[in-house]
Amino acid sequence: MGMCLSRSSGPVKKRQSKRLTNQSAAAVNGGGSNRWSRNRSSKRDDSIIQERALAAAILLQQQMQNGGGGGAAPFDRSASLRYPNSNSKKNQPLPRSSSSRARSLTDPLLQPHQLVNQEVKVDDLETNHFVLVHGGGFGAWCWYKTIALLEEAGFKVTAVDLTGSGIHSFDTNSIASLSQYVQPLTDFLEKLADGEKVILVGHDFGGACISFAMERHPLKVSKAVFVAAAMLTSGQSALDMFSQKTDSNDLMRQSQIFIYANGNDKPPTAIDLDKSLLRDLLFNHSPAKDVALASVSMRPIPFSPVLEKLCLSDSKYGCVRRFYVETTEDNAIPKALQQNLISNNPPEQVFHLKGADHSPFFSKPQGLHRILVEISRIP
């Protein structure tokens, strides 16, 4: 969630927290199909995805009601399911997006021979391991299409749930710092073998999170990709950046609901989003079923990490190669604001994902996949 928080006086939405969080997970889509059966297969895949997502959400709710809360639930790559590549047939086409809509010309179905720099084998890259970091309110579940596409192309993929996000059972209102919020990511990087590197991909507020991780573990990160993300400068907080949006009537400001778990006379502890505005704000070009998935899966964003200013050094954060993916139809972080971020903190290269809303992993999964593969192959 792109957070444009108002500093001006005026009415804001308040909600006393019930200290209950809704947990959920999502399953990933199936493989490709022959041309004559694509439509029928797509509808069947859509039904399977919806059934799995609902079943996972119900199971998680039952676990929490039976006393499963308090710590992080055990899982491999959070809400994602692994589809091994070892039994895949060579030259098998990449899986279709789970969308049943007619495919846009700006997000074509890619075949293996269409991938950029195809002469470079995945095993010959500096790293073939992507680590996907969700944005505020999201969870690892939001990357299910990207996970499937990357794994089918031979990459290793890890999608993490940050503290209090996705199926991580910690209470969002109790998160007191950015370090605490990002801990699942930093713990993962610390456990990497000596010399092992990954490509970090951060979406939305996840951009601030991967920046924090880059400063902590620069030798573990080969490249960093900011997808419609908070690409901060040193001494800047997410609040500082998003406050550049000054229109008091913008959609983001209208959608924010501040949660006061410690009482209305204390600072807010988290921010939620008005579910009735989610489509227009975050998913204006995304399939309806992905919007439905998000509406039952998104959780509040902890407030303290949003306020925290980053301390980024040239010797650590600055030594990691950075790339930015601009989403051109973004209502949460408009194109003009993204360009301002790029201008203030120039990355090595900028990619433009035409027709993408704030959630390109839903609206333009093939286009995002192509860009990520291309970045991985840049020498």
- Item | Partners meeting side-chain hydrogen bond (donor to acceptor under 3.5 Å, both in side chains) with Glu348 (sequence neighbours left out) |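 Partners of Glu348 under the side-chain hydrogen bond (donor to acceptor under 3.5 Å, both in side chains) test: Arg321.
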- Looking at residues at least two apart in the chain, or sitting in another chain, which of them share a side-chain hydrogen bond (donor to acceptor under 3.5 Å, both in side chains) with His129? Thr158
Under 3.5 Å: donor-acceptor pair, side chain of [X], backbone of [Y]:
X      : Y      : value
Glu196 : Ala193 : yes
Ser234 : Leu312 : yes
Lys223 : Phe323 : no
Asp290 : Ser286 : no
Lys145 : Ser363 : no
His168 : Gly164 : yes
Tyr260 : Ala270 : no
Thr233 : Gln236 : no
Glu215 : Tyr317 : yes
Asp357 : His285 : yes

- Aromatic plane relationship, Phe362 with Phe283 - under 30° parallel, 30 to 60° tilted, over 60° perpendicular: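 Ring orientation, 0 to 90° scale: tilted.
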- Task: Specify whether Phe258 and Phe303 have parallel, tilted or perpendicular ring planes, treating 30° as the upper limit for parallel and 60° as the lower limit for perpendicular.
- Result: perpendicular
pair [X]-[Y]: side-chain heavy atoms closer than 4.5 Å:
X      : Y      : value
Asn331 : Leu282 : no
Arg279 : Asn284 : no
Leu178 : Leu310 : yes
Pro360 : Leu353 : yes
Pro365 : Leu149 : yes
Val122 : Arg377 : yes
Leu162 : Leu185 : yes
Val198 : Lys220 : no

Please find the pair of heavy atoms, one from [X] and one from [Y], that lie closest to each other, and give the distance.
X      : Y      : answer
Ile210 : Gly202 : CD1-N, 3.7 Å
Arg299 : Thr172 : NH2-OG1, 3.9 Å
Leu273 : Met298 : CD1-CE, 4.3 Å
Val320 : Pro218 : CG2-O, 4.0 Å
Ser376 : Leu125 : O-CD2, 3.6 Å
Ile175 : Pro305 : CG2-CG, 4.0 Å

- Item | Over 12 non-hydrogen atoms of neighbours within 6.0 angstrom of CG in Asp187 | yes
- Item | Over 12 non-hydrogen atoms of neighbours within 6.0 angstrom of CG in Asp194 |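 Check fails, neighbour count at 12 or below.
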- Query: Can you check side-chain contact (heavy atoms from CB on, under 4.5 Å) on Phe130 and Leu372, steps first, answer last?
  - Reply: CA-CA 9 Å; Phe130 281 94; Leu372 293 179; 4.0 Å; yes
- Query: When the aromatic ring centroids of Phe138 and Phe361 are compared, is their separation below 6.0 Å?
  - Reply: yes
Roughly how far, to the nearest 0.5 Å, is [atom2] of [Y] from [atom1] of [X]?
X      : Y      : atom1 : atom2 : result
His369 : Glu152 : NE2   : CD    : 9.5 Å
Gln256 : Ile301 : CD    : CD1   : 8.5 Å
Met231 : Ile342 : CE    : CD1   : 5.5 Å
Ile371 : His352 : CD1   : NE2   : 9.5 Å
Asn345 : Arg322 : CG    : CZ    : 4.0 Å
Thr163 : Gln183 : OG1   : CD    : 6.0 Å

- Report the C-alpha distance between Val201 and Trp143 in whole Å, list the side-chain angles of each, state the deciding distance to 0.1 Å, and finish with yes or no for side-chain contact (heavy atoms from CB on, under 4.5 Å). CA-CA 11 Å; Val201 181; Trp143 297 105; 4.0 Å; yes
- Message: Assess the residue pair His134 and Cys142 against the criterion (side-chain contact (heavy atoms from CB on, under 4.5 Å)); give the C-alpha distance rounded to whole Å, side-chain angles, the decisive distance to 0.1 Å, and a yes or no.
- Response: CA-CA 7 Å; His134 62 80; Cys142 73; 4.1 Å; yes
- Task: Take Gln349 and Ile378 through the test side-chain contact (heavy atoms from CB on, under 4.5 Å) and record every step on the way to the result.
- Result: CA-CA 10 Å; Gln349 190 170 346; Ile378 295 176; 3.6 Å; yes
- Message: Hydrophobic clustering (ILVMFWY, side-chain heavy atoms < 4.5 Å, transitive) - are Leu337 and Val350 grouped together?
- Response: yes
- Who are the salt bridge (Lys or Arg N to Asp or Glu O under 4.0 Å) partners of Lys197, not counting sequence neighbours? Glu126
- Item | Exercise: do Ser177 and Glu308 side chains pair donor with acceptor under 3.5 Å |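 There is no such pair between these side chains.
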- Query: Is Asp240 salt-bridged to Lys309, going by a charged N under 4.0 Å from an acidic O?
  - Reply: yes
